[in-house]
Structures are given as C-alpha cells and as structure tokens.
Amino acid sequence: MAKAGENKLIFGDCLDVMLGADDRGRLYIPDGSVDLVYLDPPFNSKANYNMIFGKGRDKQAQMTAFTDTWQWGGQGTQDVAEIEGAVGHPAHRAIKGIYYTLGECGLMAYLGYMAKRLAVVHSKMKDTASIYLHCDPTASHYLKVVMDGIFDAQSFRNEISWKRRSDIHNLAKKHMGKAHDIILYYGKSDKATYRRQFLDYSEEYISTHYKHKDKKGYYRILPCTNESGGNKPYEFEGVTRSWRFEPKRMKQMLKENLLVQLSTGGPFYYKKYIKDAKGVPLQDIWLDIAPARGNESLGYPTQKPLALLERIIQASSNPGELVLDPFCGCGTTIAAAENLGRRWIGIDISAATIRIVAASRPELQMAKYDIFGIPKGMEEARKLAQLNRLQYEHWAISTIPGLAPNDRRNQEGFDGIGSFNEPIPDGRGKVTKQTVTAEVKSSKGGVTAAQRSHLKNHTGSNNSQLGIFLTLDRDPATEKWCNQQGHYQLPGSATKYPRFQVFSAEQYFAGDHPNLPPLLDPMTGKPLQIPLPAP
C-alpha cells in the first residue's frame with residue numbers, strides 16, 4: 001500500500017511539473033524514478049484531420065479544423081524552433097526531417113510540443129522502465145520517428161493496434177471504417193520489465209484442440225518427440241526416438257498416466273490439460289477490450305477503458321512500482337494503478353479535471369494521495385498568477401463548474417466559455433444552448449475600461465448572453481460598471497441574471513458563488529451531475 005505523499009494528482013503543464021520549472025519543488029519528479037509511463041496526449045482522434053496539413057487562411061477556409069489547439073503559430077511552433085536550434089536534443093534530427101517533409105502546419109506544431117515533453121519523460125524513467133504512447137493512425141508514424149530519435153529505434157518493442165470500436169454501421173463512403181488506435185510501446189533499454197500476458201482460449205479452439213477427456217478433465221495430446229531439436233535418441237518402453245524429455249521425466253509421466261501411445265511400437269504423446277494451459281500469448285493486435293461504457297464511463301469522449309490500462313500496467317510493471325501519466329485526463333491510468341497495487345503520479349493541465357477525477361473515481365475514494373498545484377488560498381493563488389499566467393487562467397476558469405478554457409484565446413480574445421439550457425415555451429420540450437463568456441484578469445490594477453468594452457463587444461458579436469470577469473482581488477469599480485449593464489431574462493421565466501459580473505478568487509475562497517444559471521458539463525453537454533470537491 002502506498003504511503004502518504006507517494007501518490008500524486010498534479011495540476012499543471014507536464015513539462016513544467018517534470019522540470020520543476022514552476023518553483024514548486026514538492027512537485028519535482030526525480031530523474032530515473034519512474035517504472036512505467038502511459039500517455040494519451042491531446043490529439044483528437046474523432047476530428048477531421050485535413051487542416052493539420054494546411055497553412056494560411058486560404059487553406060483553413062477550405063478545410064475543416066482539426067482542433068483548436070494545434071495550429072501553426074502557437075506554443076508547438078516555438079517548441080519546433082527550439083528543438084531545431086538545439087543540435088544536442090535527442091529529437092533534433094527527427095523534428096528537422098519531419099519539418100522538411102510537412103512544413104508549417106498544425107501537425108508539425110503538435111509534434112514539436114510532444115517531442116519536447118517526451119524527451120523529459122525519457123529522463124524520468126529507470127533503465128528497466130517502459131513507455132506506452134497512445135495515439136491515432138493519422139500521427140502515429142510521425143510520433144514513431146520522434147520516439148526513435150528520443151528512445152533509440154532499438155528500444156522499440158511493439159506497435160499495438162487496439163480495436164476501439166466495431167464500426168458495424170460505418171457510414172464512411174470514401175474510405176474504410178476507422179476502428180483502431182495505435183499504442184507505441186518502447187523500453188528504455190533491453191532491461192525493460194516485461195511480464196508475459198495470456199488470453200483465454202476461445203470456445204471453438206477448446207472444442208477442436210482439447211477434445212479428449214478423462215477423470216482429470218479435457219486434454220489435448222502433444223508429441224513427446226523432438227526430432228529437430230538436437231536431443232540424443234534413447235530407448236523408452238521399447239521405442240527409440242529423440243525424446244523431448246529426459247528418461248526420468250518420461251517414466252514419471254508414464255506412472256501418472258500422462259502418456260498416450262496411439263499405435264503399438266509408435267511414439268508416445270503426452271496429455272496437456274486445459275486447466276494447466278496458460279492461454280494464448282498476448283499479441284500486438286488487441287480485439288478483446290471494448291470502449292468504456294455503462295457505469296465505467298464518466299462521459300468523456302476520449303476516455304479509455306480500465307481493462308486496457310490494467311493490461312499495460314500488468315505487462316510492464318511490478319506491484320509497488322511507480323506509474324506516471326503526464327496527461328491523466330479522467331484518471332483511468334491512476335485508477336488502474338491503484339487497483340493493481342502500484343504507486344502513481346497523474347498530471348493534467350485542467351484543474352477542473354483534477355477535481356472531477358478526485359470526486360468521481362471510485363478507485364480513489366479510499367486511496368492515499370495528495371493533490372498539488374491547485375491553490376488552496378489567496379497566497380497560493382497570487383503565487384500561481386506570478387509564476388504561470390496560463391495555468392492561473394486554467395485554474396480560475398475551473399472555479400466555476402461548467403466553464404471550459406478557450407485554447408483559441410489568442411485568436412478569439414476570451415479565456416473561457418460555458419453553456420446553459422434555456423427552455424423555450426413552445427410545448428414541445430425544445431431547448432437551446434446559451435453561453436456565458438469569461439475573461440481572466442489577475443493584475444493588481446483591476447479590469448481596465450478597455451477590457452470592459454472588449455468583453456461587452458465580444459458577447460454582443462458572438463451572441464453570448466452573459467459575460468463574467470474572473471479577477472484575483474475584488475474590483476469595486478468593475479462591479480459598479482457591471483451593475484449598470486442590465487440583466488438577461490430567460491424567455492418564459494421571471495428569472496434574471498446580470499449581463500456582466502465580477503467574481504474574484506477572494507470571493508471563491510470565502511465560499512461565494514457567481515450569479516449564473518446552471519451550466520452544462522463542457523465535456524458531455526449534459527447537466528452537471530458531479531459536485532466538484534473543495535480545493
């Protein structure tokens with residue numbers, strides 16, 4: 001059982017956390033301390049990927065967006081430039097070669113982002129450690145080149161194909177159904193831990209191979225001879241052959257009624273009972289694990305099933321060892337690690353996700369673990385705002401359940417958005433989704449007049465019904481301005497909400513709440529069911 005402090009849920013960018021760059025030493029993960037890494041990075045396998053190969057507005061206008069995050073010009077672009085200039089970086093040649101092939105596009109930005117983080121992950125792994133990178137066939141071949149650069153091509157173990165859906169009713173007309181994900185499996189060295197896994201035999205296999213039966217159960221017969229194995233022949237019960245087993249073992253098997261002779265003077269066969277069979281050794285095509293459904297599903301579209309992570313953890317780690325998931329999302333990896341008696345560290349850039357994992361994962365309710373990085377008071381909130389503005393924005397957005405950070409804030413000019421149901425009194429139960437737009441401001445001077453006008457103009461031009469400023473401290477001047485902007489009334493209802501309002505970290509820690517309608521879960525679009533735990 002893990003001791004207090006050994007298991008961790010950490011809010012922050014995994015690169016900052018692994019480097020200790022956020023000046024919070026308690027989050028530091030020592031080099032050479034991790035036994036197994038699984039990561040399912042933010043690459044949306046359900047999107048249309050045409051745009052990731054496009055450059056400029058003309059192509060973007062013609063193609064469907066792949067994702068809001070991965071566009072040339074953002075953080076990934078800076079990562080590509082840094083790696084290109086760092087001739088000693090393990091991914092330098094790989095990134096340079098791929099950049100020559102792809103040019104400036106969203107996929108290139110994504111690969112730069114991943115290369116920078118995978119290089120640091122490599123330094124955290126023991127020599128006996130393994131890494132499983134879960135990705136989509138659209139990017140898996142490029143990620144494999146990056147992994148070859150960082151981990152060495154000789155460390156490649158398997159390209160696992162996981163059938164994540166049956167696609168029985170596939171509607172694709174220009175291509176075959178896309179039904180699988182790729183998991184790239186590398187060991188850090190030839191000492192990497194691997195524990196063989198076996199799958200149960202199918203009923204058909206058992207009926208055709210284990211068709212003999214005695215009082216001990218069903219069995220099959222296998223030859224005792226080994227003619228091509230270099231064994232020296234000897235005589236046994238009047239039959240001379242190159243036997244698979246030593247004479248002493250053959251005599252013992254005969255005594256235990258484990259040998260069968262199909263014809264007089266013919267070779268002996270031995271009985272192998274189904275109860276003693278381990279099963280089919282695990283191969284690199286996984287067809288037997290279904291997607292997360294029913295009670296296991298938390299409603300996240302990219303959630304991976306617990307059985308998938310339990311298989312990986314059992315294959316490449318031992319009880320008590322440390323499992324790291326740098327993009328832990330809804331927490332499947334750490335839940336599986338907890339079930340199997342491993343220590344674990346989960347990192348995620350979303351403070352709301354960290355809280356939801358803590359509240360909703362039944363495996364963690366009795367577990368011993370600490371949550372790091374989420375401010376627990378004004379002093380920590382101020383420190384986070386000073387150290388990492390982006391992480392502070394993500395945290396501030398998470399203080400209001402239902403708001404989601406806007407990863408296109410540079411293009412769209414706001415930091416977060418949430419939606420709520422507005423009933424339409426047409427007698428048919430129809431509902432429409434309305435939105436609230438959020439901007440995060442952490443400066444000591446409060447919200448400026450220009451920033452107020454910006455939020456007001458944005459909500460008007462984008463048909464957003466409500467606007468909210470999330471500030472660090474109380475801002476009386478902006479509160480006064482908000483009170484002068486009127487209210488929004490839900491159609492068919494007497495309920496009104498202020499068009500604009502201010503909600504500070506100071507109010508949050510005092511237990512206050514903004515005056516907003518109930519928001520929808522940004523991941524599922526359904527009414528929020530999970531209460532987020534207190535910080």
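The model shown is predicted, which means the values in this text are computed figures rather than measured ones.
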**Student:** If the condition is ring pair (Phe, Tyr, Trp, His ring centres under 6.0 Å), which residues does W162 pass it with, not counting sequence neighbours?
**Tutor:**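 Partners of W162 by the ring pair (Phe, Tyr, Trp, His ring centres under 6.0 Å) criterion, ordered by chain and then number, come out as H134.
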
**Student:** Could you check whether the rings of W395 and Y508 sit parallel, tilted or perpendicular, using 30° and 60° as the cut-offs?
**Tutor:** perpendicular

**Student:** If every non-hydrogen atom of H180 is compared with every non-hydrogen atom of S161, which pair is closest and at what distance?
**Tutor:** CD2-OG, 3.2 Å

**Student:** State whether a side-chain donor-acceptor pair under 3.5 Å links N388 with D16.
**Tutor:**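 Per modelled atom types, N388 and D16 side chains form a pair under 3.5 Å.
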
**Student:** Looking only at heavy atoms, what is the nearest atom pair of Y392 and L472, with distance?
**Tutor:**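 Closest approach of Y392 to L472: OH-CD1, 3.2 Å.
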
**Student:** With a 4.0 Å cut-off on N to O distance, would you call K383 and E379 a salt bridge?
**Tutor:**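 Not counted as a salt bridge, because no side-chain N and carboxylate O are separated by less than 4.0 Å.
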
**Student:** When you compare the side chain of L308 with that of W286, does any pair of heavy atoms fall below 4.5 Å?
**Tutor:**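 Result yes, sub-4.5 Å side-chain heavy-atom pair found.
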
**Student:** Can you find a heavy atom in the side chain of V323 that is under 4.5 Å from one in the side chain of V37?
**Tutor:**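 When only atoms from C-beta onward are counted, V37 and V323 do not touch, as no gap falls below 4.5 Å.
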
**Student:** Which residues pass the ring pair (Phe, Tyr, Trp, His ring centres under 6.0 Å) test with F469, sequence neighbours left out?
**Tutor:** none

**Student:** Could I get the full list of side chain to side chain contact (heavy atoms under 4.5 Å, CB included) partners for A192, not counting sequence neighbours?
**Tutor:**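 A192 satisfies side chain to side chain contact (heavy atoms under 4.5 Å, CB included) with S130, R157 once adjacent residues are dropped.
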
**Student:** Can you list everything that forms a salt bridge (Lys or Arg N to Asp or Glu O under 4.0 Å) with E321? Sequence neighbours excluded, please.
**Tutor:** none

**Student:** Could you pull out all residues at least two apart from K496 that satisfy side chain to side chain donor-acceptor pair (under 3.5 Å)?
**Tutor:**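 K496 satisfies side chain to side chain donor-acceptor pair (under 3.5 Å) with no other residue.
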
**Student:** Check for a donor-acceptor pair, side chain of T459 on one end and backbone N or O of Q465 on the other, with a separation under 3.5 Å.
**Tutor:**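 No, the answer is negative, given that no donor and acceptor are paired below the 3.5 Å cut-off.
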
**Student:** Test of understanding: with ring pair (Phe, Tyr, Trp, His ring centres under 6.0 Å), list the residues that count as partners of H122, not counting sequence neighbours.
**Tutor:** F151

**Student:** With a 3.5 Å distance limit and no angle check, can you tell me whether D415 reaches the backbone of V440 through a side-chain donor-acceptor pair?
**Tutor:**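 Looks like yes, one N/O pair under 3.5 Å.
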
**Student:** Can you confirm whether I400 sits close enough to L470 that some side-chain heavy atom of one is under 4.5 Å from a side-chain heavy atom of the other?
**Tutor:**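 Yes. Closest side-chain heavy atoms under 4.5 Å.
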
**Student:** If you measure from the Lys or Arg side-chain nitrogens to the Asp or Glu carboxylate oxygens, is any gap between K304 and D40 under 4.0 Å?
**Tutor:** yes

**Student:** Pair Y185, Y132 - check ring-ring contact (aromatic ring centres under 6.0 Å, His included), show working.
**Tutor:** CA-CA 5 Å; Y185 166 33; Y132 290 76; 4.4 Å; yes

**Student:** Going by atom types alone, do T435 and S464 pair a side-chain donor with an acceptor below 3.5 Å?
**Tutor:**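 There is such a pair (donor and acceptor under 3.5 Å, judged by atom type) between the side chains of T435 and S464.
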
**Student:** Any salt bridge linking R382 with D473? Criterion: basic side-chain nitrogen under 4.0 Å from a carboxylate oxygen.
**Tutor:** yes

**Student:** With the side chain counted from C-beta on, respond yes when S398 and T353 share a heavy-atom pair under 4.5 Å apart, and no when they do not.
**Tutor:** no

**Student:** Can you confirm whether M114 sits close enough to P41 that some side-chain heavy atom of one is under 4.5 Å from a side-chain heavy atom of the other?
**Tutor:**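 With C-beta onward as the side chain, the pair touches.
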
**Student:** Quick test of your reading: applying salt bridge (charged side-chain N to carboxylate O under 4.0 Å, His left out), list the pairs with at least one residue in residues 111-126, sequence neighbours left out, ordered by first then second residue.
**Tutor:** D13-R117, D31-K124, D35-K126, D79-K116, D79-R117, E82-K116

**Student:** Could you work out, with ring pair (Phe, Tyr, Trp, His ring centres under 6.0 Å) as the rule, every residue matching F156, not counting sequence neighbours?
**Tutor:**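 Partners of F156 under the ring pair (Phe, Tyr, Trp, His ring centres under 6.0 Å) test: Y186.
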
**Student:** Taking only residues two or more places apart in sequence or in another chain, which ones pass side chain to side chain donor-acceptor pair (under 3.5 Å) with S123?
**Tutor:**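 With sequence neighbours excluded, S123 shows a side chain to side chain donor-acceptor pair (under 3.5 Å) to no residue whatsoever.
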
**Student:** May I ask you to decide if N158's main-chain N or O and D284's side chain share a donor-acceptor pair within less than 3.5 Å?
**Tutor:** no

**Student:** In terms of side-chain heavy atoms, does H458 have a donor or acceptor partner in E439 at a distance below 3.5 Å?
**Tutor:** no

**Student:** With a 3.5 Å cut-off and no angle check, do the side chains of S504 and R474 form a donor-acceptor pair?
**Tutor:**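 No.
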
**Student:** Taking side chain to side chain donor-acceptor pair (under 3.5 Å) as the test, write out the residues that go with R499, two or more places apart.
**Tutor:**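 R499 satisfies side chain to side chain donor-acceptor pair (under 3.5 Å) with no residue once adjacent residues are dropped.
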
**Student:** Do S419 and L519 come close enough that some side-chain heavy atom pair is under 4.5 Å?
**Tutor:**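 No; the side chains remain at least 4.5 Å from each other.
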
**Student:** Quick one: side chain to side chain donor-acceptor pair (under 3.5 Å) partners of T77, sequence neighbours excluded?
**Tutor:** none

**Student:** According to side chain to side chain contact (heavy atoms under 4.5 Å, CB included), who are the partners of A335, at least two apart in sequence or on a separate chain?
**Tutor:** L306, R361, E363

